[in-house]
Amino acid sequence: MERKFGEVVIDLQNISLSFGGVKALTNISFDVRKHEIRAIIGPNGAGKSSMLNVINGVYHPQEGRIVFNGQERREMEPYMAASQGISRTFQNIALFKGMTVLDNIMTGRHMKMNCGLLSHMLHWGRAQKEEIEHRKKVEEVIDFLEIQSIRKTPVGRLPYGLQKRVELARALAAEPELLLLDEPMAGMNVEEKQDMCRFILDVNDQFGTTIVLIEHDMGVVMDISDRVVVLDYGKKIGDGTPDEVKSNPDVIAAYLGTSH
Amino acid sequence: MNTANQTAAANAAPYLSVNNIEVIYDHVILVLKGVSFEVPKGGIVALLGANGAGKSTTLKSISNLLGAERGDVTKGSIEFKGTRVDQMTPNELVKRGVIQVMEGRHCFGHLTIEENLLTGAYTRSISRRELNDSLEKVYHYFPRLKTRRSSQAGYTSGGEQQMCAIGRALMAKPEMILLDEPSMGLAPQIVEEIFEIVKDLNGKEGVSFLLAEQNTMVALRYADFGYILENGRIVMEGEAKELANNEDVKEFYLGLSGEGRKSFREVKHYRRRKRWLS
Amino acid sequence: MLYREAGQFKASYQEDSQIFPIRQDRVGFIALLAFFFLIVPMVASQYWLQAILTPVLIFSLAALGLNILTGYAGQLSLGSAAFMAVGAFATYNFMLRIDGMPFLMAILLGGLSAAAVGILFGLPSLRIKGFYLAVATLAAQFFIVWVLVKFPWFSNYSSSGVITAQEINILGYAFNTPESKYLLTLLVVTVLALAAKNMVRSTTGRKWMAVRDMDVAAEVIGIRLMRTKLQAFAVSSFYCGVAGALYAYTYLGTVEPEGFNLTLSFQILFMIIIGGVGSILGSFLGAAFIVLLPVFLNIVLHSFVGAALPPGFGSNLELMIFGGLIIFFLIVEPHGMARLWQIGKEKLRLWPFPH
Amino acid sequence: QEQYIGLPSYRVGPFGSNGASLFGGWIDYMQMINERDGGVNGVKLTWEECETEYNNARGVECYERQKNRGATGNSAFQPLSTGIAYSVLDRVAQDKIPMVTIGYGRTDAADGRVFPWVFPMITTYWSQASAIINYIGSKEGGNDKLRGKKIALLYHDSAYGKESHAVLQRLAERYGYQLTMIPVASPGNEQQAQWLQIRQLRPDYTILWGWGVMNPTALRTAARTGYPREKIVGVWWSGSEEDTIPAGDAAKGYVAAGFNPAGTGFPVIQAIQEHVYASNRGNMEDRSRVGSVLYNRGVVHGIIYVEAIRTAQEKFGKGKPLTGEQMRWGFENLRIDDARLSALGATGFMPQLNITCADHEGAGVVKFQQWDGAKWNVVSDWVSGDRQLVRGMIEESAAAYAAEKGITPRDCSKEM
Amino acid sequence: MTFFFEVLIGGLLSGVLYALVALGFVLIFKASGVFNFAQGAMVFFAALTFVGFTEVLPGWTGMEPGSGGVFWLSFALALMSMVVLGIATEKVVLRPLVNQPPITLFMATIGLTFFIEGLVQAIWGNTARGLSLGISDEPVMWMLDEFDMMISKFDLIAAGIALVLFVVLALLFQYTRVGRALRAVADDHQAALSVGIPLKHIWAIVWGVAGFVALIAGLIWGARNGVQFALTFTALKALPVLILGGFTSVPGAIIGGLIIGASEKLAEIYLGPFVGGGIESWFPYILAMLFLLVRPEGLFGEKHIDRV
Ligand SMILES: Nc1ncnc2c1ncn2[C@@H]1O[C@H](COP(=O)(O)OP(=O)(O)OP(=O)(O)O)[C@@H](O)[C@H]1O
Ligand SMILES: Nc1ncnc2c1ncn2[C@@H]1O[C@H](COP(=O)(O)OP(=O)(O)OP(=O)(O)O)[C@@H](O)[C@H]1O
Ligand SMILES: [Mg+2]
Ligand SMILES: [Mg+2]
């Protein structure tokens with residue numbers, strides 16, 4: 001199947017990041033094009049999560065340039081990244097534990113809401129109207145991810161897989177342009193992975209969202225991603241279509257092993 | 001399969017047996033509704049099932065870690081080597097050789113990797129030398145940990161933490177390990193390695209395993225026996241090989257259909273209902 | 001079987017997001033309000049109005065303030081009493097120094113002054129977390145009281161540092177009976193409690209909770225930590241400030257800075273923890289518990305078994321039982337009385353089936 | 001017939017040990033009156049304690065709880081805490097219950113015209129401050145010798161500690177001593193900095209205006225920095241066994257003011273021993289503290305109450321319990337002269353008292369005692385302050401209060 | 001200049017004594033993540049129990065009041081009481097609250113505070129008492145002669161005792177199996193359980209050790225200020241020390257103590273007069289707070305790890 005990709009959305013050039021003595025990323029460059037699903041793979045501790053953290057401003061790389069939508073930036077706080085349309089999910093679930101599923105997702109949408117404190121205190125009128133309007137949007141996301149039945153459940157009580165799904169919902173509620181997914185399918189069984197893939201593909205298709213995906217399940221990566229970056233010990237050792245990467249000897253040695 | 005193991009398993013009295021337990025969280029949320037199964041000595045038993053089926057809860061009720069989450073075993077009994085263990089503290093259980101590797105790593109964030117591993121040997125009163133030997137063995141299994149031995153665990157990557165958690169349990173020199181989702185977040189190579197380690201420990205040292213695993217494919221490849229848990233009930237059980245060939249298991253847990261592996265891209269929105277969810 | 005929501009369908013999101021989505025709760029709440037507004041002032045004795053209900057309401061408000069900060073926004077604070085003091089002294093000075101200042105306006109301004117001070121002392125929260133922050137807020141506790149003692153201007157140069165609240169007069173009606181003071185307090189507290197409920201079920205509240213539950217994730221989804229935390233400090237201090245003003249005007253009548261001491265701050269903290277961290281209802285339950293329990297113990301120990309106990313022992317026993325009960329409650333339900341209430345309701349919903 | 005007396009006491013918390021002695025003495029005296037005399041003209045005294053923990057809100061609750069108890073309601077309120085006293089100041093007038101604050105509370109309430117319901121009896125802080133200066137003057141051989149002397153005031157940094165500032169400053173202007181005021185932050189369990197300052201300053205006298213743990217700490221730290229204890233003059237809340245015993249040897253030589261001396265030699269204390277402790281009815285857990293300064297102060301409270309009841313009964317009918325209003329009259333017309341004191345077995349135990357409509361203070365004198373390492377010894381006769389100066393200041397302050405609250409002072413010539 | 005040094009040294013010595021109280025907090029926080037509000041009450045409990053025994057023992061045993069025998073026997077009995085208190089606390093309060101949020105545990109220790117305060121006064125009464133350790137409180141003479149500085153002998157000795165305690169505990173934490181287990185427990189109760197660390201023993205040990213530290217602190221502070229309820233306020237002096245040094249660090253407590261002790265005295269003397277004095281109540285807190293702005297986890301505290 002041929003897929004059409006647009007221009008470069010984000011371009012990472014010569015990124016290096018280290019923590020004290022640990023070099024998490026060394027001189028890494030790659031780009032992500034509009035509407036594509038870009039996977040990052042690599043052994044544990046290779047620096048994949050760190051890469052996502054660099055993209056949305058949680059980590060500030062010591063060296064390198066990031067060009068997002070044509071604008072170059074070096075340092076940027078995470079909330080700015082969010083306001084420019086970058087959303088993400090986390091490797092270790094980072095939901096707001098004390099809140100219900102619905103509230104979590106509504107929080108994800110807060111940037112689109114602009115009532116102030118006082119109208120919130122009053123509630124009736126503007127704040128209520130806004131709340132209901134956005135509730136509708138959020139319900140769309142809920143329908144989309146098929147989590148209607150757990151709307152009012154506190155997220156802490158949910159099983160792991162559903163929590164991951166709620167996290168995705170929260171990210172989607174912001175209607176992001178670029179979606180960063182850190183191991184969204186870890187800890188899921190095949191059935192759930194299939195669901196998750198379906199959602200990711202649908203998001204990508206229906207909303208045209210660009211996706212950067214970290215995943216260890218090679219089945220998934222090879223099936224749904226358009227291009228793959230391979231990291232190892234903070235260095236880039238491969239980049240290309242799934243098929244190219246699959247046959248790259250460096251990648252086989254460092255990551256895939258012989259059984260694949 | 002290891003035939004010696006199997007016969008031994010068949011002859012021995014049940015090693016770990018869980019009889020009809022019921023678990024309630026917070027006094028109101030009923031999660032396990034009468035679960036019973038056995039793990040024979042030297043066996044590897046896999047506990048499979050969807051998210052929220054109650055796998056972790058089962059493991060935690062065996063290792064008695066439920067109390068810390070305000071959960072309670074309200075019915076049934078758990079026996080290990082013929083003695084009831086459901087009222088024992090986790091410490092006593094570890095001393096008797098049962099240890100759990102918790103889901104979600106739970107490393108001690110402020111301790112270094114090596115200190116994390118050393119805490120695993122807390123229950124063993126052993127000399128410094130033996131301790132070092134044990135450490136070396138773990139480092140031998142997970143070379144990656146050795147390179148990060150003096151980093152604070154909180155700052156290591158997800159996979160490194162997973163290895164740390166497993167390594168920490170090995171330090172206790174257990175007879176029986178309750179492994180909760182060992183493969184989560186690990187690179188495929190490491191997953192294989194970890195299961196090789198499981199097989200190795202099982203074969204060479206006779207350690208028994210109870211695995212809760214989502215990666216059914218791998219789990220069934222290494223396990224002798226499997227139970228499938230859904231909604232707090234055991235819905236299916238059988239030899240691992242049989243299960244792997246069961247049509248339903250194939251479809252729902254292995255992602256295989258009649259024509260072999262389906263691409264994740266091709267999956268449909270609507271699927272056949274599971275038969276046991278009538 | 002009575003407490004069921006079966007048959008109550010929500011046809012719109014508006015209905016679904018009501019404060020009390022279940023009809024029985026709604027009816028109950030209205031009945032409760034009617035009881036406290038209409039019946040209580042008629043039947044309650046002066047003792048109940050002045051010494052129990054009014055302080056419980058005021059402490060509830062202060063607890064609500066702290067709960068906004070600690071329970072919802074996750075910033076542990078031990079300085080609530082100081083913000084109450086700011087509210088009380090600011091209100092006093094607005095009343096004193098501006099001719100014809102309407103009382104409610106003065107209270108509002110008093111609350112706002114407390115909010116301003118709250119923002120100031122909230123600044124460290126941007127970097128400091130958890131118990132470190134708690135101890136740092138002690139700085140506010142001691143510093144504010146010190147300032148109020150040290151600069152006599154605040155107490156209008158009264159030689160003792162004590163301020164005497166002016167008469168409360170709203171639209172020509174003097175609030176000088178226990179009933180009227182109680183009603184005024186109840187009104188202010190009800191309005192502010194509803195406002196608080198509205199806040200916490202809106203984006204404002206969700207942002208607070210997000211920061212509380214996981215600040216890194218909150219920042220990543222675009223929440224400005226600084227603004228959100230300071231906002232929580234401001235709102236919380238506002239509530240505490242208003243509570244302080246009521247404490248001076250409708251409860252004690254005369255207050256001194258030292259009255260707003262660390263003990264009071266701690267008491268307010270007890271209230272939210274016993275009542276339920278992150279719960280509006282909990283603030284009220286906790287305040288009632290912490291105010292009533294010692295009184296109850298005191299009456300029981302001194303009036304009924306007092307003669308049998310050696311002097312002093314009764315008071316010590318009171319302390320021990322109070323401490324013991326706090327521990328007992330936490331063990332029974334670490335999330336406070338509000339959660340106990342909730343679990344009770346859940347059980348009631350299932351009743352008569354066990355699960 | 002019973003006369004109900006509500007006692008908002010505190011036996012726990014930071015000042016619990018003070019409360020235990022004081023309320024103990026008070027209760028023992030009332031017990032003694034019941035045992036020995038069968039009450040006051042046949043009216044038995046009954047009392048009920050209510051634990052306040054020295055906390056204002058709980059004090060108010062106690063006040064409200066007790067105000068309608070007994071046959072006639074609570075007939076007088078006495079919380080032994082300035083904070084609580086302030087908190088019920090408005091209420092007592094409304095409820096027509098007199099409030100007695102002996103040795104604490106609002107000083108300007110001594111002006112009975114503005115504060116008809118408040119009785120800060122015996123002496124006020126301002127009288128005390130002035131009396132202390134007079135005492136120091138007498139040690140130096142006359143107040144004119146004070147010129148050029150250095151006096152330090154080490155005070156509890158609170159409203160209480162600052163009560164004396166105005167008086168001491170005015171007197172400094174008059175007598176020409178140099179006054180340095182050094183605050184100690186509450187609770188005062190560390191005073192290194194303050195005493196180093198004092199050591200540098202080398203004042204001739206240091207007035208210790210403390211409360212609770214601040215007192216023993218001051219004495220200990222003084223010892224440590226070598227400041228002679230004989231030169232420290234404490235106020236009555238700094239001059240009890242609770243302050244000196246914890247300080248150990250460091251307290252030896254320390255002088256403090258008081259409106260009652262310590263000691264068990266007084267007939268009134270003997271009577272308590274005989275009628276109460278002999279039959280094991282005493283209220284003190286630690287019997288060795290019977291006769292301590294605070295215990296005796298409690299007895300003084302008892303005497304004043306009983307005498308006021310007696311006085312009021314003369315007017316309103318013997319053998320009947322009194323209402324708050326009647327009690328107020330009793331307090332306002334209380335006269336305890338030497339003859340009465342000796343009849344009470346309290347000669348030298350407390351000063352003569354003469355309360356009038358305008359003057360709710362009634363005595364304005366203190367005695368000084370010195371701690372010898374084991375007990376307090378009286379070292380002066382009753383010392384009066386500058387009555388005129390103090391009264392002037394009281395009236396000034398009361399008038400300001402009256403203006404702020406819109407109170408028209410009573411005209412005392414019309415009373416009776 | 002002499003005066004300055006006098007103030008400085010006096011401040012440093014006081015600081016060590018603050019740190020001694022802070023140490024009790026550190027121990028328990030480090031070992032269980034519990035901010036033990038009851039530490040002040042434990043100091044009071046220990047001191048009063050000790051004094052109580054010195055008062056009753058001569059009557060019971062016929063020993064000479066004030067003799068060494070009475071002292072050591074009282075010390076032993078007080079220590080035993082602290083250990084019993086620690087074990088009881090573990091059993092009744094902490095065990096049922098395993099894995100609960102820190103604020104809940106904090107609150108439980110507040111409940112414990114009331115309980116302890118009531119209990120100890122119910123047993124021994126609430127009279128204020130003196131306590132003599134037989135160490136004179138006079139200035140050290142040669143310092144006075146040589147430098148005209150007054151440094152209290154008592155403070156010097158007390159600081160010495162405290163320092164020894166610090167060194168021992170710091171070593172214990174860093175290098176022993178139990179020390180490691182303590183730190184593990186503080187990180188994650190449940191995981192600690194899962195590897196077989198017996199929480200109840202660990203907590204009983206820690207609370208016992210904290211009780212011992214409280215006893216030492218109680219004796220020293222009791223000798224300084226008398227044994228009375230106000231001993232519980234020593235905790236207020238310890239809190240700024242604690243945050244400045246870091247909740248989890250034994251060396252942090254001592255260094256924090258030195259900084260707070262010295263700077264609060266200097267501030268009171270050199271800064272106080274400009275603002276009316278009495279700034280000791282808040283100065284340490286403001287100082288600690290400013291300090292935290294630079295290092296949010298205190299001088300030596302463990303960094304808060306948040307990773308995504
Ligand atoms: N904040 C940090 N401080 C110190 N070291 C860090 C930090 N974040 C990451 N590292 C280190 O950087 C390296 C890369 O970590 P990262 O989390 O990016 O790995 P990863 O590729 O996501 O691995 P995994 O698949 O196991 O999640 C690791 O060795 C980790 O220990
Ligand atoms: N502490 C808790 N309080 C309340 N409910 C809980 C708690 N822990 C688990 N549950 C509930 O118990 C059920 C079983 O959870 P459990 O964690 O055992 O599932 P699991 O099979 O391990 O799932 P996963 O594969 O996602 O790990 C879930 O529905 C979950 O919501
Ligand atoms: Mg990662
Ligand atoms: Mg699980």
Side-chain angles (χ1 to χ4, degrees), chain B residues 59-60 63-71 89-112 114-126 128 131 152-158 161 164-165 167-174 178 180, chain E residues 26 29-33 90-91 94-102 104-105 172-205 246-250 252 297-298 300-308:
Chain B
L59 297 200
K60 279 185 278 197
S63 60
N64 249 320
L65 292 173
L66 272 184
E69 294 185 23
R70 299 189 85 70
T89 62
N91 163 258
E92 284 165 318
L93 270 168
V94 173
K95 280 194 186 149
R96 277 165 188 266
V98 182
I99 196 165
Q100 172 168 6
V101 178
M102 285 201 288
E103 172 182 45
R105 292 143 203 164
H106 286 275
C107 291
F108 304 118
H110 290 102
L111 271 58
T112 62
E114 184 151 314
E115 285 173 329
N116 262 281
L117 296 179
L118 290 174
T119 56
Y122 183 86
T123 47
R124 294 164 67 200
S125 337
I126 47 172
R128 184 78 223 176
L131 203 59
Q152 283 196 324
Y155 288 112
T156 58
S157 84
Q161 289 184 20
C164 172
R168 190 174 65 188
L170 295 185
M171 292 291 291
K173 219 169 187 336
L178 312 171
D180 202 350
Chain E
V26 169
F29 192 85
K30 213 173 154 95
S32 47
E90 186 280 324
K91 245 197 161 70
L94 296 173
R95 199 182 308 172
L97 288 173
V98 172
N99 214 29
Q100 293 305 324
T104 306
L105 286 160
L172 176 85
F173 265 118
Q174 206 56 42
Y175 296 108
T176 65
R177 180 173 82 122
V178 173
R180 200 160 48 227
L182 294 177
R183 292 191 290 142
V185 173
D187 262 357
D188 189 334
H189 293 175
Q190 207 183 7
L193 277 174
S194 84
V195 294
I197 294 174
L199 274 193
K200 55 178 182 175
H201 296 169
I202 293 284
W203 281 347
I205 292 174
F247 275 99
T248 46
S249 162
V250 173
E297 63 283 342
F300 297 99
E302 275 166 353
K303 261 212 170 101
H304 184 76
I305 296 181
D306 40 25
R307 284 200 52 196
V308 284

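The chains referred to below are lettered A, B, ... by the order of the sequence lines, with proteins before strands, and numbering in each begins at 1. This structure is a prediction, so every number in the text was calculated from the model and none was measured.
Considering only heavy-atom pairs separated by less than 4.5 Å from chain E, the leading option among B/Leu65, B/Thr123, B/Val101 is B/Leu65. Between chain B and the options E/Arg183, E/His201, E/Gln100, the largest number of non-hydrogen pairs under 4.5 Å is found for E/Arg183.
In this structure, OG on E/Ser194 lies 12.0 Å from CG on B/Leu59, to the nearest 0.5 angstrom. Note that CG of E/Leu193 is 8.0 Å distant from CE of B/Met102, once rounded to the nearest 0.5 Å. We find the NE2-CD distance between B/His106 and E/Gln190 to be 5.5 Å, quoted to the nearest 0.5 Å. In this structure, B/Asn116 CG and E/Asp188 CG are separated by 10.0 Å, a value rounded to the nearest 0.5 Å.
The nearest pair of heavy atoms linking E/Ala181 to B/Tyr122 is CB-CE1, 3.4 Å. Closest approach of B/Thr119 and E/Ile197 over heavy atoms only: CB-CD1, 4.4 Å. Shown here for E/Ala184 and B/Phe108, the closest heavy-atom pair between the two residues is O-CD2, 3.2 Å. In terms of heavy atoms, E/Val195 sits closest to B/Arg168 at CG1-NE, 3.3 Å.
Contacts of E/Ala192 with chain B are made by both backbone and side-chain atoms, with heavy-atom separations under 4.5 Å. When heavy atoms are compared at a cutoff of 4.5 Å, E/Ile202 approaches chain B solely by way of its side chain, counted from C-beta outward. For a residue to count as touching a neighbouring chain, one of its non-hydrogen atoms must lie under 4.5 Å from one of that chain's; by this rule B/Lys60 touches chain E with the side chain only.
In this structure a side-chain-to-backbone donor-acceptor pair under 3.5 Å is present from B/Asn91 to E/Gly196.
The neighbour count for B/Arg96 CZ, taken as heavy atoms of other residues, nucleotides or ligands under 6.0 Å away, does not exceed 12.
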